[in-house]
Structures are given as structure tokens and as C-alpha cells.
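Here the structure is laid out as C-alpha cells; the discussion comes afterwards.
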Amino acid sequence: QVQLLESGGGLVQAGGSLRLSCAASGGTFSRYTMGWFRQAPGKEREFVGGITDGGFSTIHSDSNKGRFTISRDNAKNTMYLQMNSLKPEDTAVYYCAASYYTDARLYGYQYWGQGTQVTVSS
């Protein structure tokens with residue numbers, strides 16, 4: 001069973017950047033499809049994007065493409081979310097998740113971190 005721990009959140013001004021990390025332990029990280037989600041106050045959880053065990057990454061929303069990048073370092077058991085040109089509407093708790101399945105959007109994510117808060121001020 002894998003445990004996930006997010007870090008790197010904080011307060012940043014609009015236009016700034018943050019890099020979130022998701023450190024995994026207790027499992028074979030390189031075998032998991034990984035994903036980032038976020039949940040803003042009063043809103044449903046939103047899929048940000050994911051990366052397969054082979055390193056193929058996708059960003060889900062057109063509004064985030066070109067600003068967000070997902071990567072992973074299997075040697076460090078860590079996934080990253082690089083966020084640039086941040087906007088106030090990016091304010092949310094960001095969660096990482098791990099899935100046994102390559103098609104994690106279809107079969108779901110089995111393991112979740114506790115989340116890290118990102119606040120973007122205008």
C-alpha cells in the first residue's frame with residue numbers, strides 16, 4: 001500500500017509560480033499512474049492532470065494547458081506539478097493520487113494524499 005504526501009503549497013501572487021511535490025512511500029512508485037486533483041471552496045473536486053508509469057503526462061483543462069506541467073522522478077518516488085502564471089481561480093487544495101491502472105480516469109485512483117493548500121492572491 002502506498003502513502004502519498006504533498007508539499008510545496010503556499011501563498012503566491014497572481015502571475016507567480018509554485019511547484020508541488022508528491023512523495024510516495026510504501027509501494028513501488030514506478031508502477032503507478034499518478035494524478036493531481038484540486039478542490040476549491042464550495043466546488044467539486046477537479047482533475048488537473050495525470051502521468052502514466054511510463055511518464056506520459058496530460059493536463060486535463062484547456063485553461064491549465066501551457067501553464068501546468070506534470071512530471072515524475074521514479075528514482076525519487078516523487079511526482080511534481082509545476083504551476084506557472086498562477087491565477088486567483090487556481091486557489092484550491094491540491095491532492096495527489098495513485099492508481100494501479102494505466103487508465104486511471106476509467107478505473108479510479110486507489111490512494112490519496114492529504115492535500116496541500118495553494119492560495120493565489122490578486
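Every value quoted in this text rests on a predicted model; they were computed, and no experiment measured them.
Between Thr116 and Leu20, some side-chain heavy-atom pair lies under the 4.5 Å cut-off. In this structure, the side chains of Asp53 and Arg31 stay at 4.5 Å or more apart for every pair of heavy atoms. Here the side chains of Leu4 and Trp112 are not in contact, with every heavy-atom distance at 4.5 Å or above. Between Gln110 and Tyr32 there is no side-chain heavy-atom pair separated by less than 4.5 Å. By the 4.5 Å heavy-atom criterion applied to side chains, Gln82 and Ile70 are not counted as neighbours. Under the 4.5 Å side-chain criterion, counting only non-hydrogen atoms from C-beta, Leu11 is in contact with Ser121. Two residues are said to be in side-chain contact when any heavy atoms from C-beta on lie closer than 4.5 Å; Glu6 and Tyr94 fail this criterion.
How far CZ of Phe68 is from OG of Ser17: 10.0 Å, rounded to the nearest 0.5 Å. Interatomic distance, Cys96 SG to Tyr111 OH, rounded to the nearest 0.5 Å: 13.5 Å. Atom OG in Ser25 sits 8.0 Å away from atom CG in Leu5 (nearest 0.5 Å). Separation of atoms CG (Asp90) and CG (Asn84) is listed at 10.5 Å; rounding is to 0.5 Å. Atom-to-atom distance recorded for Asn77:CG and Ser30:OG is 7.5 Å, nearest 0.5 angstrom. Atom-to-atom distance recorded for Gln39:CD and Gln117:CD is 11.0 Å, nearest 0.5 angstrom.
Closest heavy-atom contact between Ser122 and Ala14: CA-CB, 4.3 Å. Of all the heavy atoms in Ala24 and Val2, the pair that sits closest is CB-CG2, 3.8 Å. Nearest heavy-atom pair across Thr58 and Phe56 is CG2-CE2, 3.4 Å. When every heavy atom of Val93 is checked against every heavy atom of Gly115, the shortest pair comes out as CG1-CA, 3.8 Å. Scanning all heavy atoms of the two residues, the minimum distance from Val118 to Gly9 falls at CG2-CA, 4.1 Å. The two residues Thr52 and Thr33 have their closest heavy-atom pair at CA-OG1, 3.9 Å.
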Item to complete: Show the numbers, then the answer: is there a side-chain contact (heavy atoms from CB on, under 4.5 Å) between Arg38 and Lys43?
Response: CA-CA 10 Å; Arg38 67 185 183 185; Lys43 295 187 177 181; over 6 Å; no
Item to complete: Assess whether side-chain contact (heavy atoms from CB on, under 4.5 Å) is satisfied between Ile51 and Met79, documenting all intermediate values.
Response: CA-CA 9 Å; Ile51 186 165; Met79 173 181 64; 3.8 Å; yes
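Phe47 has its ring centre less than 6.0 Å from the ring centre of Phe37. In summary, the aromatic rings of Tyr109 and Tyr100 are positioned with their centroids too far apart to meet the 6.0 Å limit.
Note on residues 72-85: no pairs pass salt bridge (charged side-chain N to carboxylate O under 4.0 Å, His left out), not counting sequence neighbours.
Ring geometry for Tyr101 against Tyr107 counts as tilted: the plane angle lies between 30° and 60°, on a 0 to 90° scale.
Taking the side-chain contact (heavy atoms from CB on, under 4.5 Å) definition, one finds that Ser71 meets it with Tyr80, sequence neighbours left out.
A donor-acceptor pair is defined here as one N or O able to donate and one able to accept, closer than 3.5 Å; no such pair exists between the side chain of Thr91 and the backbone of Thr119. A distance-only check finds a donor-acceptor pair linking the side chain of Ser61 to the backbone of Ser63 [under 3.5 Å]. Side-chain atoms of Ser85 do not come within 3.5 Å of backbone N or O of Arg67 as any donor-acceptor pair.
In the hydrophobic clustering of this structure, Leu86 groups with Leu81; members are Ile, Leu, Val, Met, Phe, Trp, Tyr whose side-chain heavy atoms approach within less than 4.5 Å, directly or through other members. Linking Ile, Leu, Val, Met, Phe, Trp and Tyr whenever their side-chain heavy atoms come within less than 4.5 Å puts Leu18 and Met34 in one cluster.
For the pair Arg19 and Trp36, the cation-pi test (distance below 6.0 Å, angle within 45°) is failed.
Residue Glu46 qualifies as enclosed at atom CD: its count of foreign heavy atoms under 6.0 Å is above 12.
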